[in-house]
Each structure stands twice: as structure tokens, then as C-alpha cells.
Amino acid sequence: MAARIDRTLLGMLAEREGSICPSEIARRLRPEGHWRALLPAIREVAARLAGRGEVEIQQGGKRVAPRGASGPIRIVKTAKADHAKAYRGVDFRKHPERYRVGSGEQGVLIAEPYKSELLPLWRLKTPAIARTSARQLWAAFTAYRDAGDFIGADMARKFLQMGFTRARRYANRRSGHKYGSSPAPPDPGKAEATTVFCEAWRRAEHDRRYRAWRASKRT
């Protein structure tokens with residue numbers, strides 16, 4: 001059912017400008033009735049898509065935490081949604097010409113087969129785990145680069161960047177929510193993980209061969 005909700009939600013957003021309500025998705029899936037039972041699952045799928053940057057959850061026209069919102073919500077397509085749609089089902093090792101660097105971490109949890117190769121290396125629960133993760137992702141970055149697979153190197157760079165941004169988010173808010181929760185006292189462990197990932201990410205960003213490839217993608 002989650003896959004059907006995912007397809008229906010994104011399909012409805014593609015059909016129109018503006019936002020949609022979870023009840024509209026539920027009625028599309030169950031036009032015969034009993035659609036209210038689907039609402040918790042729809043909100044969960046929407047929260048997952050929001051975590052990937054494909055949609056945004058709003059209340060009263062303002063963005064709210066995907067899983068922290070109570071009461072009616074609206075689901076809004078983001079600029080990343082079209083990027084994500086173009087990436088689904090593509091093997092970028094076979095079709096490198098279809099890859100786009102994008103901005104920031106764009107595509108990090110979509111582009112295959114690199115997502116499946118790198119996601120198991122991405123961890124930040126403790127400083128020690130973060131150090132191991134950053135070291136493994138850096139090793140993957142250099143291995144891809146040395147093999148001439150700069151798409152893989154770019155994806156490894158994105159995972160390092162995501163380690164930095166997620167660790168910083170948890171350091172600032174123990175809930176890990178980006179929006180809608182009050183800042184908590186800094187988490188020293190996550191603050192250290194932020195530094196670990198930031199150093200590796202910056203090293204990747206400034207790698208001479210990687211930068212030359214990335215500059216060529218802009219021409």
C-alpha cells in the first residue's frame with residue numbers, strides 16, 4: 001500500500017499546481033468509501049517524501065516538521081520533485097549521461113546503484129561511528145575517483161555532506177526535526193560528528209580531479 005500511496009501522491013502533485021490534502025489522496029485510492037483509514041499511512045508516506053526533499057508539509061501556508069504536525073496539513077511539491085522523478089528507475093552506471101550534479105545533496109537517496117552502495121556506509125549515531133562512516137565514505141570517494149567514476153565520487157561527496165547536515169541538525173535539535181520544534185541544548189556527540197563529516201566533505205569538495213569534472217558538467 002505504501003508504494004501505491006507514493007505513486008498516487010506524486011501523480012496528483014504532477015497533475016496540478018498548488019497543494020493537496022491527504023483526504024484527496026485517500027479518496028482517489030478508495031473512491032468506494034472507507035478512505036479515512038488510509039490517512040495515517042498517507043501522512044507517513046508524505047513525511048518520508050518530505051525527508052527526501054520531494055514534497056513539503058505545510059499548515060496555514062507555512063512549512064512544518066513532517067512528523068511533528070497535528071491537525072490538517074497540505075502537501076506541496078518542491079523544486080526537487082521533478083529532479084527525483086527524472087531519477088527514478090535509472091541505472092546511472094549504465095546511463096551516466098542522464099546524471100545531473102544538482103545542488104547540495106540533491107538525488108543522494110535516489111540515484112542508483114550508488115545509493116545502494118553508499119547508504120550502508122552512512123552512520124552517525126556516535127562520534128566513533130561517525131568517524132568510521134566518514135572514513136569509509138572518503139575511501140569510496142577516492143576509489144570511485146581513481147576508477148574514473150565521477151558520478152560515484154559525487155554521490156560519496158553528497159553522503160558526506162548529508163552526514164554533516166544531519167549531524168548538525170541533531171546537534172541543534174535533539175528531535176532531529178528541521179522545523180517546528182524548539183532548539184534543545186547542543187548534543188556534544190552530534191557536534192563532534194558534525195566536525196568529522198564536515199572535514200571529509202570539504203576535502204572531497206576541494207579535490208582537484210573532482211573539481212575539474214564538476215566544472216565540466218556546468219559547461
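Quick caveat, the model's predicted, so the values are computed rather than measured. Sequential numbering from 1 along the given sequence is applied to the chain's residues.
By the salt bridge (Lys or Arg N to Asp or Glu O under 4.0 Å) test, E44 pairs with R67, sequence neighbours left out. Shown here are the side chain to side chain contact (heavy atoms under 4.5 Å, CB included) partners of Q136, two or more places apart in sequence or in another chain: L121, T132. For E205, the side chain to side chain contact (heavy atoms under 4.5 Å, CB included) criterion is met by R157, Q161, W201, R214, not counting sequence neighbours. Partners of R209 according to the salt bridge (Lys or Arg N to Asp or Glu O under 4.0 Å) rule, which considers only residues two or more places apart in sequence or in another chain, are D146. Residues forming a side chain to side chain contact (heavy atoms under 4.5 Å, CB included) with R74 (at least two apart in sequence, or on another chain): S19, C21, E24. Partners of R166 under the salt bridge (Lys or Arg N to Asp or Glu O under 4.0 Å) rule, at least two apart in sequence or in another chain, are E105. Listed by chain and residue number, nothing satisfies the side-chain hydrogen bond (donor to acceptor under 3.5 Å, both in side chains) test with R4 (two or more places apart in sequence, or in another chain). Residues satisfying the side-chain hydrogen bond (donor to acceptor under 3.5 Å, both in side chains) test with S70, not counting sequence neighbours, are none. Residues passing the salt bridge (Lys or Arg N to Asp or Glu O under 4.0 Å) test with D6 are R48, sequence neighbours excluded. Residues that satisfy the ring pair (Phe, Tyr, Trp, His ring centres under 6.0 Å) test with W35, not counting sequence neighbours, are absent from this structure. In terms of the side chain to side chain contact (heavy atoms under 4.5 Å, CB included) criterion, residue partners of A128 (sequence neighbours excluded) are, by chain and number, T126, R131.
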With a 3.5 Å cut-off and sequence neighbours excluded, list the donor-acceptor pairs that the side chains of residues 89-97 form with protein atoms.
from: D91; atom 1: OD1; to: R93; atom 2: N; distance (Å): 2.9
from: D91; atom 1: OD1; to: K94; atom 2: N; distance (Å): 3.2
from: R93; atom 1: NH1; to: E117; atom 2: OE2; distance (Å): 2.7
from: R93; atom 1: NH2; to: E117; atom 2: OE1; distance (Å): 3.1
from: R93; atom 1: NH2; to: E117; atom 2: OE2; distance (Å): 3.3
from: H95; atom 1: ND1; to: E97; atom 2: OE2; distance (Å): 3.4

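Close placement of the Y210 and F141 rings is indicated, their centers lying within 6.0 Å of each other.
In the displayed structure, R30 atom CZ is contacted under 6.0 Å by more than 12 heavy atoms of other residues, nucleotides or ligands.
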Exercise for the section: Determine, step by step, whether K158 and D154 satisfy the salt bridge (Lys or Arg N to Asp or Glu O under 4.0 Å) criterion, reporting the C-alpha distance in whole Å, the side-chain angles of both residues, the deciding distance to 0.1 Å, and the verdict. Expected result: CA-CA 6 Å; K158 290 182 180 187; D154 190 52; 3.7 Å; yes
Handout entry: Test ring pair (Phe, Tyr, Trp, His ring centres under 6.0 Å) applied to Y144 and Y114, step by step
Key = CA-CA 10 Å; Y144 286 129; Y114 303 101; 5.6 Å; yes
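Put simply, the side chain of W138 never gets that close to the backbone of A200: no donor and acceptor are under 3.5 Å apart. Side-chain atoms of K115 never come within 3.5 Å of backbone atoms of G107 as a donor-acceptor pair (strictly under, hydrogens ignored). Using modelled atom types, no side-chain atom of S133 and backbone atom of A130 make a donor-acceptor pair closer than 3.5 Å. Formation of a donor-acceptor pair under 3.5 Å by the T165 side chain with backbone atoms of M162 is found in this model. The backbone N or O of A139 lies less than 3.5 Å from a partner atom in the side chain of T142, making a donor-acceptor pair.
In this structure, CG on L13 lies 4.0 Å from CD1 on I20, to the nearest 0.5 angstrom.
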